[in-house]
J.: 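Here it is, the structure in full.
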Amino acid sequence: MERNIDIEKQEDSVFPQRLRDKAAADAHLVEVLQDHHSDTPRLDHVQRRLDQRHVQMIAIAGTIGTGLFLGSGHALRQAGPAGALIGYALVGTVAYSSLCAVGEMTSLAPISGTFPHFAARWVDPAFGFAIGWNYFYTQLVSVPVEISAATIIVTFWDPNVSHQWIYTLAVCIAVCSANVFGVRWFAETEFLFAMIKICLICGLILVGLIIDLGGGPSQDRIGFRYWQQPGAFAPAGLVRSPSADKFLGFLSVIVQAAFSFQGMELVAIAASETRNPRRNIAKAIRRVFYRILVFYILGILVTGMIVPYNDPALLADTNNAAQSLYVIAIRRAGIRTLPSIVNAAVFTSALSAANSDIYSSSRILYGLALRGQAPRFLARCTKEGLPIVAVLTCSAFTFLSFMNVSNGSAQVFVWFVNLSTVGGFFGWWSINLTYTFFYRGLKAQRRDRQQLVYFSSLQPWLSFWGVFWTSLFILINGFEVFWHFNPSDFLTAYINVPLFFCLWLTWKLCKRTRMWRPHQMDFTTGIPSEEETEEPEQCPQTMREKIGRFLF
């Protein structure tokens, strides 16, 4: 009896302490949420103007880019047909894991700020701050790179270098106008660019298969001849051991493949400006897997069949259609006119990439400003819901592309490309890492994620896979520099690593933030319900509507 009384006294002394600890934790939670501005509907003035067809095509536009049309030749030269195919397939799984993760989180919270805000909301506000600024400047430095790529592509028709500044100015005005005039202009231009990309890649795959099977003017049936001679894997030329050297060649192509896939997360960034965001983004993400399978994997397989990795044309770094594997094969087969058509389509692809980079960087900057992690004036919007200050700020960086007119500034653009690639790796890494916290929080609070409009049955294993490989990508990004050491190449390959953690620690020390515990994660504040965002789905009535529903 006395023992029971002692136990009750001990429990009475412990239980109030637990209550006090929980109250203190809840008070800290409210304080941090207020400081982090999680509840920002009154400040967020963007409007949902994007239709289902826009979202579908934005997802495609983010999937297909110059990395596929031009970068695949670089990949084949580095790793050979089998190495390039395996590398692109591996990176494709990582890209898909990142998109599934951000898609499921967006299905719960289709709000401005997207995955940097998710990181701040469910991992640590300082982590979200670091990811937001990292992704912002990653997209920002990509803008002048893509504009310069577009102007260089024009040299396929006009090799006069003195005219380059004219083309640069024209491209700058075009991509800035598409974003300044409103989200509908951006969406319509991306819709057009995506249609061109789809027609181009489908046509090139078909032409490649015809050439491989001997349907070209030369009637040479190639088959898998180039997989046997010169071989399926290409050496990197770094070590003496043939097998080790071919493995290093495979590693080098992973970085190129990852650069080609980056930008797929754009569909989630557009969620706050999309009608029926949960339903439309879920449809877009479900179809991405098949696009990766057809456009990338089948495309890389076909190109590896029609051009050998030691072809002299692959060594010519022209940055226009002459560098494309398909154009090389077309010329070898004796087909005329097609190279100019390919170059024109690749030019629109570069325009699309610059257009998307301005959009994504401005929306990330707008989301940071909404939540007090960037100057508040950057969150100002027009009456039509356009974050005009953020758009103009990002558009101003297009004029850095004029640096490429000077030969002395060419190295700067190499640095920009390296910075954007590693920054993209950090973006994927953060998305998958944030999802693991998100998954744990839902489970701890007994929320059924299967009730979301979109969820992946392969989670959380997909995100574990994504975290592992993106961590490895960040580490091996500049491995070649250790054989031919160059301080500037080493710096641009790895400067993002200390920079990211400096951003994280700076905000953490200044704001004294803590990592969220699973039971503390906020899944409701400032998040619109399905009734507020989703309209009743209407069944297509006419044949035109049914075809449109099937395609988009």
Side-chain angles (χ1 to χ4, degrees), residues 11-12 14-41 96-128 131 268 271-272 276-283 285-286 371 429-468 513-534:
E11 289 179 349
D12 290 341
V14 172
F15 189 63
Q17 181 62 38
R18 290 178 179 173
L19 289 177
R20 287 193 294 270
D21 292 341
K22 184 178 185 301
D26 291 341
H28 173 72
L29 173 64
V30 172
E31 181 182 351
V32 174
L33 285 174
Q34 291 174 347
D35 184 59
H36 185 54
H37 308 285
S38 290
D39 190 7
T40 57
Y96 182 67
S97 73
S98 305
L99 199 58
C100 287
V102 74
E104 190 167 320
M105 293 186 290
T106 303
S107 181
L108 174 68
I111 55 180
S112 294
T114 188
F115 62 88
H117 175 57
F118 300 156
R121 192 179 188 114
W122 299 319
V123 182
D124 180 1
F127 184 65
I131 286 300
S272 62
N276 306 313
R278 293 178 167 96
R279 185 166 65 241
N280 287 332
I281 290 176
K283 289 180 181 178
I285 293 175
R286 288 190 183 104
R371 293 170 177 87
W429 176 74
S430 69
I431 288 172
N432 286 288
L433 183 63
T434 300
Y435 182 85
T436 61
F437 282 77
F438 169 81
Y439 180 88
R440 189 177 61 169
L442 288 180
K443 191 174 182 179
Q445 297 184 26
R446 297 184 178 181
R447 290 175 173 264
D448 185 6
R449 47 185 286 271
Q450 295 187 10
Q451 298 301 315
L452 299 174
V453 176
Y454 173 79
F455 76 96
S456 174
S457 58
L458 299 177
Q459 292 286 19
W461 306 108
L462 268 181
S463 287
F464 294 154
W465 174 266
V467 169
F468 170 78
T513 65
R514 302 178 188 174
M515 297 187 73
W516 300 114
R517 296 179 180 177
H519 70 277
Q520 291 178 328
M521 294 180 187
D522 181 11
F523 296 106
T524 56
T525 306
I527 297 175
S529 64
E530 288 188 28
E531 290 74 15
E532 294 176 283
T533 62
E534 310 303 304

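Just so it is clear, the structure is predicted and the values come from calculations on it, not from any experiment. Positions are given from 1 along the sequence.
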J.: Rounded to the nearest 0.5 Å, how far apart are CD of Q445 and CD of Q520?
T.: 9.5 Å
J.: Do S430 and F115 pass the side chain to side chain contact (heavy atoms under 4.5 Å, CB included) test, and can you show the C-alpha distance, the side-chain angles, and the key distance before you say yes or no?
T.: CA-CA 8 Å; S430 69; F115 62 88; 4.2 Å; yes
J.: Is it true that the side chains of N432 and T434 contain a donor and an acceptor less than 3.5 Å apart?
T.: no
J.: Show your working on side chain to side chain contact (heavy atoms under 4.5 Å, CB included) between R514 and D124 and close with a plain yes or no.
T.: CA-CA 6 Å; R514 302 178 188 174; D124 180 1; 5.9 Å; no
J.: So, do W122 and F438 have ring centers that fall under 6.0 Å from each other?
T.: yes
J.: What pair of heavy atoms forms the shortest contact from W516 to R440, and how long is it?
T.: O-NH2, 4.4 Å
J.: Just how far is it from atom CE of M521 to atom CZ of R447, taken to the nearest 0.5 Å?
T.: 12.0 Å
J.: Please answer whether the main-chain N or O of L452 pairs with a side-chain N or O of E104 as donor and acceptor at a distance below 3.5 Å.
T.: no
J.: Of all the heavy-atom pairs spanning Y454 and C100, show the shortest one and how long it is.
T.: OH-SG, 3.3 Å
J.: If every non-hydrogen atom of G526 is compared with every non-hydrogen atom of I111, which pair is closest and at what distance?
T.: O-CG2, 3.8 Å
J.: Could you grab the distance from atom CD of E530 to atom CG of L108, nearest 0.5 Å is fine?
T.: 9.5 Å
J.: Closest approach of R278 and S529, non-hydrogen atoms and distance?
T.: NH1-O, 3.4 Å
J.: Could you measure the distance from the CG atom of L442 to the CD atom of Q451? Nearest 0.5 Å is fine.
T.: 12.0 Å
J.: According to the interplanar angle, ranging from 0 to 90°, do the rings of F127 and W429 count as parallel (below 30°), tilted (30 to 60°) or perpendicular (above 60°)?
T.: perpendicular
J.: So which atom in P460 and which in Y435 form the shortest heavy-atom distance, rounded to 0.1 Å?
T.: CA-CE2, 4.2 Å
J.: Say whether, by atom type as modelled, one donor and one acceptor occur between the side chain of R449 and the main chain of S456 under 3.5 angstrom.
T.: yes
J.: Can you tell me how far CD of Q459 sits from CH2 of W465, rounded to the nearest 0.5 angstrom?
T.: 13.5 Å
J.: Which heavy-atom pair separates T106 from A271 by the least distance, and what is that distance?
T.: CG2-CB, 3.4 Å
